[in-house]
K.L.:
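Got a structure here, written out as structure tokens. Questions coming.
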Amino acid sequence: CVFFSGRSFRSRFVLLCVTDFVRLVAGVFSVLSQETSKFREHMTWRLEQKKEQYFGEHVEDIVDVCTEVLGTFLQHEYCGPGTLLVHPFLDMKGEIKERGLPGAPQAARAAIAWAEKNIDKDWKEWTGDY
């Protein structure tokens, strides 16, 4: 077991075993991948409910855009509770509009509602930090 030392955000030294670190990183990516899949399922269900009103035959394309944007955010920027930002949802709205798809504001609102309700809660359940 090889140890690294570094400073945490609270200026305490932290020692991490390389194998524990690798397990942690693999676990984080697994959780975030599961979260992205749950998001895709919910968005498909939610947008299908409003298909006639807002999205027409473009539900799958819109869900793809939203899932790609959220997945990228979770993989690269999300750091646990309190770090859920608004910009990925603005990016979703912009990308949907840029592709000429309908219902960008409604899809972004649905994504925000799901994320606020689930992402931090699921992270806390995974880490055991209630």
Side-chain angles (χ1 to χ4, degrees):
C1 209
V2 177
F3 290 93
F4 289 103
S5 66
R7 291 199 174 266
S8 71
F9 290 111
R10 296 195 175 126
S11 298
R12 291 180 289 154
F13 281 98
V14 178
L15 297 176
L16 292 175
C17 178
V18 172
T19 55
D20 290 340
F21 179 74
V22 169
R23 283 188 204 127
L24 174 67
V25 170
V28 167
F29 283 118
S30 173
V31 167
L32 297 179
S33 177
Q34 291 172 14
E35 204 67 9
T36 304
S37 294
K38 288 169 44 177
F39 174 76
R40 176 181 286 281
E41 285 178 32
H42 173 80
M43 287 296 288
T44 300
W45 172 80
R46 185 73 180 111
L47 272 54
E48 283 288 338
Q49 290 182 329
K50 304 285 184 169
K51 181 178 181 175
E52 299 302 319
Q53 190 175 4
Y54 298 113
F55 310 109
E57 297 301 317
H58 303 284
V59 169
E60 188 176 332
D61 295 330
I62 296 167
V63 169
D64 287 346
V65 169
C66 294
T67 302
E68 180 183 339
V69 171
L70 183 69
T72 299
F73 169 75
L74 291 176
Q75 294 286 334
H76 298 285
E77 297 179 52
Y78 183 72
C79 297
T83 63
L84 185 60
L85 305 173
V86 72
H87 75 82
F89 306 102
L90 295 174
D91 292 347
M92 283 177 199
K93 182 180 172 188
E95 185 66 25
I96 292 167
K97 280 184 167 188
E98 190 174 299
R99 293 187 188 190
L101 298 169
Q106 293 79 14
R109 277 198 296 274
I112 290 170
W114 184 88
E116 286 180 325
K117 186 175 181 179
N118 292 282
I119 292 176
D120 286 350
K121 177 185 72 71
D122 292 347
W123 180 271
K124 288 177 183 177
E125 286 176 9
W126 178 71
T127 61
D129 183 21
Y130 296 96

K.L.:
Enter the distance from Leu47:CG to Ile62:CD1 here, rounded to the nearest 0.5 Å.
P.N.:
6.0 Å
K.L.:
Compare all side-chain heavy atoms of His87 with those of Glu77 and state whether any distance is below 4.5 angstrom.
P.N.:
yes
K.L.:
Scan Phe73, Trp114, Trp45 and name whichever one has a ring pair (Phe, Tyr, Trp, His ring centres under 6.0 Å) with Phe39.
P.N.:
Trp114
K.L.:
Rounded at 0.5 Å granularity, tell me how far OH in Tyr54 sits from CD in Gln49.
P.N.:
12.5 Å
K.L.:
How many angstroms lie between atom CE of Met43 and atom OG1 of Thr36, to the nearest 0.5 angstrom?
P.N.:
12.5 Å
K.L.:
Taking all non-hydrogen atoms of both residues into account, name the closest pair between Thr44 and Val59 and its distance.
P.N.:
O-CG1, 4.2 Å
K.L.:
Work out which heavy atom in Cys66 is nearest to a heavy atom in Met92; give both atom names and the distance.
P.N.:
O-CE, 3.4 Å
K.L.:
What's the shortest heavy-atom distance between Ala115 and Phe89, and which atoms?
P.N.:
CB-CZ, 3.5 Å
K.L.:
Atom CG in Asp122, atom NZ in Lys117: separation rounded to 0.5 Å?
P.N.:
11.0 Å
K.L.:
With sequence neighbours excluded, give me every salt bridge (charged side-chain N to carboxylate O under 4.0 Å, His left out) pair touching residues 53-72.
P.N.:
Arg40-Asp64, Lys51-Glu57
K.L.:
Given the rule in the salt bridge (charged side-chain N to carboxylate O under 4.0 Å, His left out) test, do Lys38 and Glu35 qualify, once you have shown the distances and angles that lead to the verdict?
P.N.:
CA-CA 5 Å; Lys38 288 169 44 177; Glu35 204 67 9; 3.8 Å; yes
K.L.:
Give the minimum heavy-atom separation between Ile96 and Ala107, together with the two atoms involved.
P.N.:
CD1-CB, 3.8 Å
K.L.:
How about Glu95 and Asp91: do any of their side-chain heavy atoms sit closer than 4.5 Å?
P.N.:
no
K.L.:
Indicate the atoms forming the closest heavy-atom contact of Ala108 with Lys93, along with that distance.
P.N.:
CB-CB, 4.0 Å
K.L.:
Under a 4.5 Å cut-off applied to non-hydrogen side-chain atoms, are Tyr78 and Leu70 in contact?
P.N.:
no
K.L.:
Are Leu85 and Trp123 grouped together when hydrophobic residues (ILVMFWY) are joined by side-chain heavy atoms under 4.5 angstrom apart?
P.N.:
yes
